[in-house]
Amino acid sequence: VQLQASGGGLVQTGDSLRLSCAASGRTSSMSVMGWFRQAPGKEREFVAAVTWSGGVTSYADSVKGRFTISRDKVKNTVYLQMDSLKPEDTAVYYCAARTRYYSGNYYERVTPSEYDYWGQGTMVTVSS
């Protein structure tokens, strides 16, 4: 599976952005798609995830109510709509795909090591 993320940029506090992640290759094997982010000097953290077949979503508390993850199974693309952006949202955003067996466990959705493929990252900068 190859993942291509896009849509990052420089915005002001309160603005919106939509990130996209296009998947190619063995997309039929994808069970979960997720977005993670990494700010300078910090560890990579979970942002949101969606199960590929059922569309079940999960969010980090820090983005709940502001970010929305969705997927288009025809286009093999996952989106992250980010509204009411804050300076603390500044980070490189990565999309990821899980292709191994998925049991439905929350840990499998929110843990970076539980994903098998990663996109190249797209930078989001929110100025105050």
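Just so you know, residue 1 is the first one in the sequence shown, and it goes up from there.
Side-chain contact between R37 and E45 is present, with heavy atoms from C-beta onward closer than 4.5 Å. In this structure the side chain of V78 reaches within 4.5 angstrom of the side chain of I69, judged on heavy atoms. Side-chain contact between T122 and S6: absent, with no pair of heavy atoms (C-beta onward) separated by less than 4.5 Å. Considering only heavy atoms from C-beta on, L80 stays 4.5 Å or farther from R18 through its side chain. With contacts defined as side-chain heavy-atom distances shorter than 4.5 Å, the pair L10/M123 does not qualify. Side-chain contact check for M82 versus L19: some heavy-atom pair is nearer than 4.5 Å. Residues R66 and D89 are in side-chain contact: their nearest non-hydrogen atoms beyond the backbone lie under 4.5 Å apart. The closest side-chain heavy-atom distance from L17 to V124 is below 4.5 Å.
To the nearest 0.5 angstrom, S31 atom OG is 7.5 Å from D116 atom CG. Considering OG1 of T77 and CD of Q4, their distance stands at 11.0 Å, rounded to 0.5 Å.
Nearest heavy atoms, F46 versus A48: CE1-C, 3.3 Å. Shortest non-hydrogen contact noted between V1 and T27 is CG2-N, 4.4 Å. Nearest heavy-atom pair, G54 versus R71, reported as atom, atom and distance to 0.1 Å: C-NH2, 3.8 Å. Taking all atoms of both residues into account, the shortest heavy-atom contact from L3 to A97 is CD1-N, 3.7 Å.
Remark: K75 NZ is loosely packed, at most 12 non-hydrogen atoms of other residues, nucleotides or ligands lying under 6.0 Å away. Residue-environment remark: CD (E43) stays at or below the threshold of 12 foreign heavy atoms within 6.0 Å. When the shell of 6.0 Å around CZ of R100 is examined, it contains more than 12 heavy atoms from other residues, nucleotides or ligands. Residue Q120 places its CD atom among more than 12 non-hydrogen atoms of other residues, nucleotides or ligands, all under 6.0 Å distant.
Identified under the ring-ring contact (aromatic ring centres under 6.0 Å, His included) test for residues 67-117, with sequence neighbours left out: F36-Y115.
Counting only distance, with no hydrogens or angles, the side chain of T111 and the backbone of E108 share no donor-acceptor pair below 3.5 Å. For R44 (side chain) and A39 (main-chain N/O), no donor-acceptor pair under 3.5 Å exists by modelled atom type. The backbone N or O of V50 lies less than 3.5 Å from no partner atom in the side chain of T57, so there is not a single donor-acceptor pair.
Judged as a side chain to side chain donor-acceptor pair (under 3.5 Å), and not counting sequence neighbours, the contacts of D83 are S16, Q81.
At a threshold of 4.5 Å between side-chain heavy atoms, the hydrophobic network of Ile, Leu, Val, Met, Phe, Trp and Tyr places W118 and M30 in two separate groups.
Figure legend: R98 and W52 shown without cation-pi pairing, the cationic atom not lying both under 6.0 angstrom from the six-membered ring centre and within 45 degrees of its axis.
Using a 4.0 Å cut-off between charged side-chain N and carboxylate O, D61 and K64 make a salt bridge.
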